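Structure, as structure tokens:
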Amino acid sequence: MSVLVNKDSKVIVQGFTGTEGTFHASQMIEYGTNVVGGVTPGKGGQNHLERPVFNTVSQAVEKVGANTSLIFVPPAFAADAVMEAAESGIKVIICITEGIPTRDMIMVKEYLTDKDCTLVGPNCPGVITPNEAKCGIMPGFVFKKGRIGVVSKSGTLTYEAADQVVKAGMGISTAIGIGGDPIIGTTTKQAVELFMNDPETDGIIMIGEIGGQLETDAAKWIKANGTKPVVGFIAGQTAPEGRTMGHAGAIVGGEEDTAEAKMAIMRECGITVAESPAEIGKLMAELMSVTA
Amino acid sequence: MNLHEYQGKELLNSFGVRIQRGIVVSSPEKAVEAANKLTEETGTSWWVVKAQVHAGGRGKGGGVKLAKSLEEVKSISDDILGMNLITPQTTVEGKLVHQVLICEDVYYPGETETSEFYMSVLLNRSTGRNMIMYSTEGGMDIEAVAEETPHLIFHEEIDPKVGLTGFQCRKIAFNLGLNGTSFKEMTKFVFALYTAYDKTDSALFEINPVLKTSDNKIMAVDAKVSLDANALFRHKDFIELRDTREEDPTEVEAGEYGLNFVKLDGNVGCMVNGAGLAMATMDIIKMAGGNPANFLDVGGTADAKRVEQAFRIILKDKNVKVLLVNIFGGIVRCDRVAQGIVDAYNNIGDINVPLIVRLEGTNAAEAKKLIDESGLKVESVILLQEAADKVAEVLA
């Protein structure tokens with residue numbers, strides 16, 4: 001089972017022959033991900049990393065049965081790439097690209113409303129199901145197989161959390177990096193819901209940051225529907241109001257989207273909140289009654 | 001990217017939004033010339049002198065004043081230019097005023113009373129759509145309106161498939177209590193305003209106040225405009241609108257090196273890879289009894305050159321008592337980063353604050369060994385908690 005990606009995912013890379021696409025596709029292949037090809041308009045018919053290159057996503061779907069796509073194309077063309085993947089019947093679209101204009105993402109979100117697909121990202125590290133599929137830019141070795149699901153807005157903080165989970169004697173079922181932009185495909189709530197319904201996940205780590213309402217929405221959903229223990233952390237307790245902290249979406253606009261406000265709501269909703277980012281793994285182990 | 005009021009107004013006006021007219025100047029003499037010119041063009045007999053800085057609440061700090069004679073235009077401009085304007089949104093030191101906008105007086109008496117409204121255009125993050133937020137309570141602090149009279153704030157969300165519709169513009173004008181000429185003027189104003197927002201890839205428009213004049217014109221008296229920095233590739237002509245004098249000089253320098261840096265006022269400097277981990281590192285500094293002196297995401301390539309640039313930027317701040325490096329090496333190998341730190345340390349030469357380095361992930365053990373054997377005054381740890389403990393120890 002696991003969620004979103006697994007050993008049966010047939011993965012293509014959009015922006016396959018570019019520097020980023022090439023590097024990360026090689027890493028994914030090395031990890032054992034089932035990469036079946038890639039797309040670079042104008043380079044169709046060539047071979048790259050011993051896999052076929054297609055001009056369009058629909059050709060990749062038709063010829064090699066692709067159902068999952070990783071997007072590494074530059075920001076100016078990334079929105080178009082997401083819509084092409086959706087139109088072509090790709091089921092899981094993971095957009096790594098950082099710096100897509102908000103106006104483009106408003107269009108993408110609208111375009112996807114009647115398409116049967118899931119978008120993860122943009123501006124995210126991707127999704128990994130250990131020992132099955134690494135669909136992203138994360139270091140695979142950190143994510144040892146286990147039964148804890150991780151959803152996070154941040155890349156390196158996800159690696160940090162996964163590392164703590166492993167050191168505390170547990171492992172990861174799937175880790176989903178949902179991205180740090182103001183508009184993203186899969187929300188914290190949707191990712192949590194996937195884990196609640198996944199028989200291979202026993203506990204959930206939810207990592208958020210200042211800005212927006214995603215963690216609040218997820219917390220309220222957990223209070224009403226949650227069946228598994230959840231540990232939460234919100235980065236940016238010391239961030240000043242009105243300044244963007246690296247991620248385009250990480251900006252405190254009002255009292256409701258500060259770290260304090262989010263942590264308070266998460267506590268009210270029964271989530272075990274880590275005050276310090278160094279305690280995430282330890283708290284999960286306590287909830288799971290695991291000793292390292 | 002934030003614009004000055006005068007730049008924002010020019011941008012709005014280019015899309016047909018009526019604005020209070022003005023001329024930006026940087027000397028009292030030019031201010032008088034501008035006032036004369038405005039009177040020729042608009043017939044205004046009074047003028048408003050407005051400080052041009054990137055901060056709200058300028059009026060409260062004495063940065064916006066009415067001048068009833070040319071002598072007053074000159075003396076007020078002389079006072080405001082070169083002052084450190086302190087407003088509720090600036091630091092205690094305030095912001096140096098380089099330019100003033102000399103504006104026509106639009107509150108002249110006439111057939112009807114003037115009224116002030118509030119209007120902004122922004123992204124509703126929960127729905128992923130743009131919205132127009134507006135209120136009958138203009139000219140005031142909108143946060144206060146939201147707090148005390150939330151029923152006087154209205155929202156209109158825009159469907160991306162069709163854009164802002166005619167009925168939505170009418171609804172806004174009705175809700176603002178307008179009729180006749182001013183009603184028609186408002187529908188045009190709203191449509192032009194949204195068009196400008198959409199076509200320029202803006203991230204925020206805030207017009208406070210939107211004024212109904214005594215002769216029933218609708219105009220923007222102020223304009224806070226923020227552009228989506230990610231969309232500047234489509235609007236090359238906007239790049240020159242950036243005024244780096246309004247930004248922290250260290251942040252500007254860091255930006256030139258491709259470092260994502262925000263200056264803060266604490267005593268512990270930090271260099272981290274990744275925005276989320278950087279924020280988390282700031283939090284852990286606070287828990288260890290310190291205060292973060294900055295946010296710094298060094299990005300995916302933490303090589304010797306970038307590490308050195310980052311160190312130099314952080315160490316410019318004399319409040320920094322400790323420097324904490326927190327790198328989770330994924331694709332980036334920790335031993336390479338460690339070598340970068342050693343090289344940077346040697347190149348800079350006189351680092352007088354304790355350096356705590358936490359390297360975890362790919363080749364972390366090799367990295368720790370490399371640093372421990374370098375002979376430098378660097379504390380090396382692997383766990384995040386150890387890093388926090390070291391910071392607390394140094395500060396104690």
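Note on naming: letters A, B, ... go to the chains in the order of the sequence lines (proteins, then strands), and numbering restarts at 1 for each one. What you see is a predicted model; the values in this text were computed from it and never measured.
- With chain B as the partner, the residue from A:A235, A:G155, A:A248 showing the most heavy-atom pairs under 4.5 Å is A:A235.
- When every heavy atom of B:I284 is checked against every heavy atom of A:P277, the shortest pair comes out as CD1-CG, 4.1 Å.
- Heavy-atom pairs under 4.5 Å with chain B were tallied for A:Q213, A:H247, A:E209, A:E160; the largest tally goes to A:E160.
- Put simply, of A:I234, A:D104, A:I210, A:D217, the one with the most heavy-atom pairs under 4.5 Å next to chain B is A:D104.
- Within a 6.0 Å sphere centred on CZ of B:R58, heavy atoms belonging to other residues, nucleotides or ligands number more than 12.
- Closest approach of B:R234 and A:P101 over heavy atoms only: NH2-CB, 3.3 Å.
- Proximity to chain B (any heavy atom under 4.5 Å) is restricted, for A:F233, to the side chain, taken from C-beta onward.
- Nearest heavy atoms, B:F328 versus A:T156: O-CG2, 4.0 Å.
- Proximity to chain B (any heavy atom under 4.5 Å) is shown, for A:I207, by neither the backbone nor the side chain.
- Each of B:D159, B:N130, B:L383, B:D198 has some count of heavy-atom pairs under 4.5 Å with chain A, and the biggest count is that of B:D198.
- With a threshold of 4.5 angstrom between heavy atoms, A:Q27 approaches chain B through side-chain atoms but not through N, CA, C or O.
- With a 4.5 Å cut-off on non-hydrogen atoms, A:Y159 touches chain B through its backbone and its side chain both.
- One distance of note links CD1 of A:I106 with CD1 of B:I158; it measures 9.0 Å at 0.5 Å rounding.
- Counting heavy-atom pairs closer than 4.5 Å to chain A, the top-ranked of the candidates B:A231, B:A388, B:G266, B:G128 is B:G128.
- The number of heavy atoms from other shown groups lying within 6.0 Å of NZ (B:K263) is above 12.
- Looking only at heavy-atom pairs under 4.5 Å with chain B, the residue among A:G140, A:G180, A:G211 that has the most is A:G211.
- Annotation: A:E260, atom CD; neighbour count of heavy atoms from other residues, nucleotides and ligands within 6.0 Å is above 12.
- No side-chain heavy atom of B:L123 sits less than 4.5 Å from a side-chain heavy atom of A:M105.
- Ranked by heavy-atom pairs under 4.5 Å with chain A, the first of B:M287, B:E386, B:K286 is B:M287.
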### Query
Is there a side-chain contact (heavy atoms from CB on, under 4.5 Å) between A:E110 and B:R129 once you walk through the steps?
CA-CA 9 Å; A:E110 182 61 31; B:R129 292 177 168 198; 3.0 Å; yes
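- Put simply, the side chain of A:R103 never gets that close to the backbone of B:D228: no donor and acceptor are under 3.5 Å apart.
- Within a 6.0 Å radius of CG in B:N124, other residues, nucleotides and ligands contribute more than 12 heavy atoms.
- Contact annotation for A:L214: neither backbone nor side-chain heavy atoms come within less than 4.5 Å of a heavy atom of chain B.
- The number of heavy-atom neighbours closer than 6.0 Å to CD of A:E256, taken from other residues, nucleotides and ligands shown, is 12 or below.
- The number of heavy atoms from other shown groups lying within 6.0 Å of CD (A:E98) does not exceed 12.
- B:N230 contributes atom CG, which lies 6.5 Å from atom OG1 of A:T102 (distance to the nearest 0.5 angstrom).
- Annotation for A:F141 and B:G329: closest pair CZ-O, 4.4 Å, computed over non-hydrogen atoms.
- Other residues, nucleotides and ligands place no more than 12 heavy atoms under 6.0 Å from the CZ atom of A:F77.
- Contact of B:E251 with chain A is made through the side chain alone, with heavy-atom distances under 4.5 Å.
- With contacts defined as side-chain heavy-atom distances shorter than 4.5 Å, the pair B:Q385/A:K282 does not qualify.
- Of the atoms belonging to A:T244, it is backbone heavy atoms, and not side-chain ones, that fall under 4.5 Å from chain B.
- The most heavy-atom pairs under 4.5 Å with chain A, out of B:L264, B:D297, B:V332, B:V262, come from B:V262.
- Remark: the backbone N or O of A:S276 is not paired with any side-chain donor or acceptor of B:D283 at under 3.5 angstrom.
- Other residues, nucleotides and ligands place more than 12 heavy atoms under 6.0 Å from the CE atom of B:M133.
- Heavy-atom distances place the side chain of B:N260, and not its backbone, under 4.5 Å from chain A.
- Of the listed residues (A:P75, A:A76, A:G242), the one with the most heavy-atom contacts under 4.5 Å to chain B is A:A76.
- Nearest heavy-atom pair, B:M279 versus A:A250, reported as atom, atom and distance to 0.1 Å: CE-CB, 3.8 Å.
- Of the two parts of B:A280, the backbone and the side chain both hold a non-hydrogen atom closer than 4.5 Å to a non-hydrogen atom of chain A.
- Heavy-atom pairs under 4.5 Å with chain A peak, among B:N273, B:I327, B:I285, B:T127, at B:N273.
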